[in-house]
Amino acid sequence: MIAFAAYHLVLALFMAIAPHAFFTDVGPFGARNDHYVRDVATYNAALGVGFLIAVQRRGWRVPMLAITLVQFALHSVNHLVDIGDAHPAWNGYFDFFSLAIATALLVWLLRLALAEARSSPRAAKGASV
């Protein structure tokens, strides 16, 4: 949870502070649009804050992992569709495979969180750690 919180918050800051560098170094697909990069930063910031809350509130873990799993899966598909459009080309492959691996990790974490929620009635009600 902490690692996903840090990932999303650092990514959001990077995107918001340096959208050109993000576009050039991480997401070199299509035409650059700093406004849209900063828009996506807000989504990453929200997920990061949600994960920070989920560290303390067990009841947030399953929903945060589930919604982030959906986002990563859809993001992976989007990168698969555009895999050859990145410049340099290796970046498209790296992005897709790193997102796909993170998606698999989220599946595993969600399964663990669901098992924990089923075994602990307090976790299912959103009780604090």
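Excluded from the calculations below are hydrogen atoms, water molecules and symmetry mates; all remaining heavy atoms, backbone and side chain alike, are included.
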Could you tell me the separation between the [atom1] atom of [X] and the [atom2] atom of [Y], rounded to the nearest 0.5 Å?
X    : Y    : atom1 : atom2 : result
F72  : L105 : CZ    : CG    : 9.0 Å
L106 : T68  : CG    : OG1   : 6.5 Å
W60  : I53  : CH2   : CD1   : 3.5 Å
M1   : R58  : CE    : CZ    : 11.0 Å

Minimum heavy-atom distance [X]-[Y], with the two atoms named:
X    : Y   : value
A113 : R61 : CB-CB, 4.5 Å
A12  : A41 : CB-O, 3.3 Å
Y93  : A89 : CD1-O, 3.4 Å
M64  : L47 : CE-O, 3.5 Å

Exercise for review: Assess whether atom CZ of F14 is packed by more than 12 heavy atoms of other residues, nucleotides or ligands within 6.0 Å.
Suggested key: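 Yes, the 6.0 Å shell around CZ holds more than 12 heavy atoms from other groups.
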Can you tell me if CD1 on I67 sees more than 12 non-hydrogen neighbours from other groups inside 6.0 Å?
no
Quick one: list whatever passes side chain to side chain contact (heavy atoms under 4.5 Å, CB included) with [X], sequence neighbours left out.
X    : value
L11  : Y7, M15, F22, N44
L114 : V62, L110, R118
L52  : A5, L9

Taken in chain and number order and not counting sequence neighbours, the residues that satisfy salt bridge (charged side-chain N to carboxylate O under 4.0 Å, His left out) with D34 are R32
Is there a path of hydrophobic side-chain contacts, each under 4.5 Å between heavy atoms, that joins [X] and [Y]?
X    : Y   : result
I101 : L80 : no
W108 : V55 : yes
I2   : L69 : yes
L99  : V26 : yes
V37  : L13 : no

query: Would you say H79's side chain and H75's backbone share a donor-acceptor pair under 3.5 angstrom?
result: no
Any donor-acceptor pair under 3.5 Å linking the side chain of R38 with the backbone of A16?
->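 No: the side chain of R38 does not pair with the backbone of A16.
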Discussion item. Going by salt bridge (Lys or Arg N to Asp or Glu O under 4.0 Å), name the pairs with one or both residues in residues 73-99, residues two or more places apart or in two chains.
Written reply: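 Of all non-adjacent pairs touching residues 73-99, none passes salt bridge (Lys or Arg N to Asp or Glu O under 4.0 Å).
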Taking ring-ring contact (aromatic ring centres under 6.0 Å, His included) as the definition, give me every residue that meets it alongside H87, ordered by chain and number, with sequence neighbours left out.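 H87 satisfies ring-ring contact (aromatic ring centres under 6.0 Å, His included) with no other residue.
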query = Does some side-chain heavy atom of L65 sit less than 4.5 Å from a side-chain heavy atom of F51?
reply = yes
